[in-house]
Novice: 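Here it is, the structure in full.
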Amino acid sequence: MIDAHERLDFRIQQWIFKQGWDRLREIQCLAIDPILSGKTDVLISASTAAGKTEAFFLPAISSIADQVSGVGILYISPLKALINDQDRRLESLSDLLDIQVTPWHGDSPQGRKNKLKRNPSGIILITPESLESLLIRDSGWVKSAFQNLKHIVIDEFHAFIGTERGHHLLSLLHRLEHLLGRVNAPIPRTALSATLGDLESVPASLRPNKSLSCKIIKQTQSSSTLKMQVKGYIESAVVIDEAVTAEQSVCNDLYGLCRGGNHLVFANSRSRTESIATTLAEMCESNTVPNEFFPHHGSLAKEMRETLEARLQQDQMPTTAVCTMTLELGIDIGKVNSVVQVTAPHSIASLRQRMGRSGRRGGASILRMLITEADLTEKSSIVDKLRLELVQSLAMIRLLVASKWYEPADTSLYHFSTLLHQVLALIAQWGGIRADQIYVLLCKDGPFQQVTVTHFKDLLSHMGKVDLITQLGSGELVLGFMGEKITNHYTFYAVFKTPEEFRIVTGSKTLGTLPVDSLILEGQHIVFAGKRWVVELVDTDKKVISVQHAKGGKPPKFGGSGMAVHDVVRQEMLKILKEGDYRVQVGEQRIEFGDAVAQALFKEGADFFKTAKLESTHFLQYGNTAVVLPWAGDKVVNTLVAVLIHKGFGAGAFAGIIEVENTLIDDVIGALKSFRDDQTISAIDLADAIAEKAIDKFDEYLPQEILVKGYAARAFDVEKARALVKELLMARFKQAKEVKL
DNA sequence: GACCTGCTGCGGGTTG
C-alpha cells in the first residue's frame with residue numbers, strides 16, 4: 001500500500017514531491033487501486049481538509065493523462081463556489097500535465113465554455129442544473145464530447161442524499177449513461193462525503209439500480225479530540241431599564257471568546273445572524289478596536305460573502321463569521337479555532353458537519369453552545385418548564401460524542417415533482433419519446449423505483465390534460481403548449497423552489513409571513529410573533545392564512561426549529577430527563593460539560609419532570625390544557641396532531657410536545673384509543689384535510705391523487721404513530737394497575 | 001423569530 005503512489009503517472013508523482021508531502025494520506029493510498037481500475041464505484045468518506053479531493057483526482061487524472069480527446073472526468077458540485085475553489089486547486093496539477101479544466105456554471109466565463117465546446121477534453125466542473133441544460137439544449141454535443149468519459153465524481157454527496165435535487169442528479173447520471181450507450185458498461189461514480197454515520201446505506205443512494213459495486217474508503221478514527229461546553233442564559237420575563245438582556249450577555253461572551261482568533265458562530269436564522277453580527281461590530285467600535293465580526297447568509301450579496309470567505313482563508317487578520325448553514329458545506333475557508341452554536345442545533349448530521357470546520361493543525365475541535373431559556377412564571381408553557389431547548393442541545397452533544405449515528409435520509413418519499421420534471425426534460429431532450437421508454441429509463445432502471453406503472457400512467461394522462469404533453473399519432477409524446485412554455489424558460493433547470501410565503505392575517509391586520517413547508521391545518525394551534533393562535537382558514541389562492549387569538553398560557557419560547565427533529569434525539573432527551581443527569585460517561589468518569597447556569601437550568605427541567613411524574617406517564621392535565629408527551633420525532637408527532645384535529649380537537653405541537661387547549665386529558669386519551677383501534681384512518685385521509693399540499697416546485701401540475709399520496713408519505717407515518725399510541729396506552733394501563741395494587 | 005442550493009440566449013451598450 002505504501003508503494004501505491006508508484007502506480008500513478010510519473011508527472012503526478014513529481015507533483016506530489018513538489019508539494020513537499022513526504023507521503024500520501026491513508027485514504028489517498030487506498031483510493032488509488034479502485035479508481036485506476038475503473039471497474040467500481042467508490043465512496044470516500046473523510047472529514048473536511050482530509051484530502052478527499054486529491055484522493056480522487058490523483059488517480060483519476062493519472063488515468064486520463066494520455067487521453068487525446070474528449071472529456072475524461074465529470075466533476076459535479078452542489079455549489080458554484082465549490083467549483084471555483086476546485087478550479088483554483090487543480091491549476092498546478094493540470095498545468096503540469098497539460099490537461100484542460102473547465103468550470104461550467106451560470107456565472108463561469110463564457111470564453112472557457114466556448115473553448116471546451118470547440119475542443120472537448122480534460123475535466124469539466126459542473127452543477128446538476130448546468131448539466132441538465134446541456135442535456136436539453138445540446139445532447140448531440142454531450143454525446144460526442146463525453147464519448148471517452150472515464151470518471152464521474154460528486155462532491156459533498158451527503159448534501160444530495162434523500163433530496164429532490166439528489167434524485168434529479170441520479171436521474172441525470174442515468175440519462176447520461178443511456179445517451180452514451182453505457183447502460184451495460186456503467187461509468188464509475190465516486191462520491192466524496194464528510195464522515196457521516198451509516199456508510200453501508202450510501203451506495204444504494206449513489207446507484208439505485210446496483211449495476212456496479214461500490215468500494216467504501218473511510219478515514220480511520222482520527223485521533224483528534226473534541227472539547228465542548230454548554231453555557232446557559234436566562235431571558236428575563238420583565239424588562240427593567242439598564243438590565244442586560246440575554247442576547248446582550250450572549251454577545252458579551254462571544255466578544256470575549258472569539259476576538260483575536262478565527263471562529264464560526266452559527267445562529268440558525270438570518271435575522272438573528274444579522275442582529276448578533278451588528279451588536280458585535282458595535283462593541284468593537286465602542287472599544288475603538290478594528291471590527292472582526294461579519295455576517296454570512298444566503299440573502300447577502302455575493303461580493304460580501306466572498307470577501308469574508310477570502311479573509312477567513314487568508315488567515316492574516318482575526319475573523320469571526322456569524323453565519324447560517326452557508327458556511328456548513330465545504331467552501332474553502334481553512335480551519336477555525338472554534339465553532340459556537342447560539343441556538344439548539346436541529347440535526348446531528350449538520351452539527352457534525354459544523355464541527356468539522358474546527359480543529360487547527362490536528363488540534364482539538366472546540367464546540368460551544370450558548371443556550372437561552374425563558375425566566376419561568378406561573379403561566380409558563382410546559383416546554384419552557386422542561387427546559388427543552390437546553391435539553392435538546394445536551395442530548396445532541398451526547399449523541400455526537402457517544403455514537404457514530406446521524407439522521408438517515410427518509411426513503412419513503414416518491415419525489416413526484418422531480419419525476420414530472422424529468423419527464424418534461426426527457427421529452428425536451430429527445431424531441432419525442434414513447435411512454436414505455438420514459439418509464440423504463442426513469443422508473444424501472446432509473447432512480448424513481450417506487451413509482452408503479454399505475455402511478456406513472458395517471459401522471460402522464462394528467463400531464464396531457466393540463467397541456468404539458470401531447471401524444472402524436474405514432475404514439476410518441478411531445479411537449480404541449482404549457483410544456484414548451486415551462487421548458488423554454490431558464491428557471492426550468494432547477495428542481496427545487498424557494499418556498500412560497502403565506503401572509504398570516506387576523507381580522508384585517510397582517511401579522512407577518514410564514515413559509516408553508518410544514519403542517520398547516522385548519523383548527524391547528526400555532527405560535528406566531530410571540531402569541532398563540534388558532535388557524536381559521538387557509539386560502540391557497542390568495543396565499544393567506546387567517547388566524548384568531550387562542551386562549552391559554554404563555555406560548556413557549558422554544559417552539560422547535562421548524563426542521564424535523566428525529567426520534568432518536570427525542571428519545572435521548574427523555575433518557576437524560578429520566579436519569580436527571582446529562583453528563584457523558586468516559587471510562588469510570590462522568591464528564592460535566594455545562595456551566596453553572598446550564599446546570600441550574602437543567603435541574604429545573606429535571607425537577608419539573610419528576611414532580612409531574614413524567615417518567616411514568618405520557619399524558620398530563622396542565623391547567624385547562626391536555627398535554628401529550630410522545631418523546632418521538634416530528635413526523636410521528638405531526639401525525640398525532642393531524643389525527644387529533646381529524647377527530648375535532650384544536651391541537652398543536654411545540655418542540656415535540658402536543659397541547660390541546662380547553663380539553664380534558666381523558667377526552668384526548670379516548671380519541672387516541674379510537675385511533676389505535678380504528679385501522680381505517682390512513683395517511684391519505686390525514687393529507688386530504690391539508691389545504692396546501694403543493695410544496696415542491698412542480699407539485700401544482702400533479703393529479704390530485706398522486707399529490708395526496710406524495711404529501712402523505714412525506715408528512716405522516718400512521719403505522720409508527722399507531723404503534724406508539726399502543727405503547728403509550730399500554731404503559732398507562734400498567735401504571736394504573738400498579739397503583740391499585 | 002425557519003436553513004440552503006441553481007438557471008439561457010440574446011439584444012444593446014461600452015471600451016480597446
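Every chain is numbered from 1, with letters handed out A, B, ... down the list of sequences. As the structure is a prediction and not an experimental result, all values here were calculated from the model.
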Novice: Please work out if A/Ser271 contacts a base, only the sugar-phosphate, or nothing of the nucleic acid, heavy-atom cut-off 4.0 Å.
Specialist: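 Result for A/Ser271 = base.
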Novice: Among B/dG1, B/dC4, B/dT5, which is the nearest nucleotide to the side chain of A/Met325?
Specialist: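 So the nucleotide nearest the side chain must be B/dC4.
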Novice: With a non-hydrogen cut-off below 4.0 angstrom, is A/Arg354 in contact with a base, only sugar-phosphate, or nothing?
Specialist: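 It contacts nothing in the nucleic acid.
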Novice: Could you tell me whether the side-chain ring of A/Tyr490 sits stacked on the base of B/dC7, using a centroid cut-off under 5.5 Å and a plane angle under 30°?
Specialist: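 No, the aromatic ring of A/Tyr490 does not stack with the base.
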Novice: Check salt bridge (charged side-chain N to carboxylate O under 4.0 Å, His left out) between A/Lys635 and all other residues, then give those that pass, not counting sequence neighbours.
Specialist: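 A/Lys635: salt bridge (charged side-chain N to carboxylate O under 4.0 Å, His left out) contacts with A/Asp410.
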Novice: Find out whether the Lys NZ or Arg CZ of A/Arg354 is both under 6.0 angstrom from the six-membered ring centre of A/Phe266 and within 45° of the ring's axis.
Specialist: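 The answer is yes, since A/Arg354 meets both limits relative to A/Phe266.
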Novice: At under 4.0 Å between heavy atoms, what does A/His489 touch on the DNA or RNA strands: base, sugar-phosphate, or nothing?
Specialist: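 Answer is nothing: A/His489 stays at 4.0 Å or more from every strand.
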Novice: Quick one: label A/Thr491 by what it contacts on the DNA or RNA (base, sugar-phosphate, nothing), any heavy atom closer than 4.0 Å.
Specialist: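 It contacts base atoms.
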Novice: Within the structure shown, what part of the strands sits under 4.0 Å from A/Tyr493 by heavy-atom distance: base, sugar-phosphate, or nothing?
Specialist: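 Counting heavy atoms under 4.0 Å across all strands, the contact made by A/Tyr493 is with sugar-phosphate only.
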Novice: Heavy atoms from C-beta onward define the side chain here; which of B/dG9, B/dC4, B/dG6 lies closest to that of A/Thr324?
Specialist: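 Looking only at side-chain atoms, A/Thr324 lies closest to B/dC4.
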Novice: Given atom NE2 of A/His168 and atom P of B/dC7, what is their separation to the nearest angstrom?
Specialist: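 Distance, rounded to whole Å: 11 Å.
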Novice: Remember a base hit wins even if backbone is also touched, and classify A/Val495 as base, sugar-phosphate or nothing at under 4.0 Å, heavy atoms.
Specialist: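 Since no nucleic acid heavy atom lies under 4.0 Å of A/Val495, the category is nothing.
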Novice: Could you check whether A/Trp533 and A/His525 have their ring centres less than 6.0 Å apart?
Specialist: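 That pair fails the under 6.0 Å test.
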Novice: Any base atoms under 4.0 Å from A/Ser130, or only sugar-phosphate, or nothing? Heavy atoms, all strands.
Specialist: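 Sugar-phosphate, no base atom in range.
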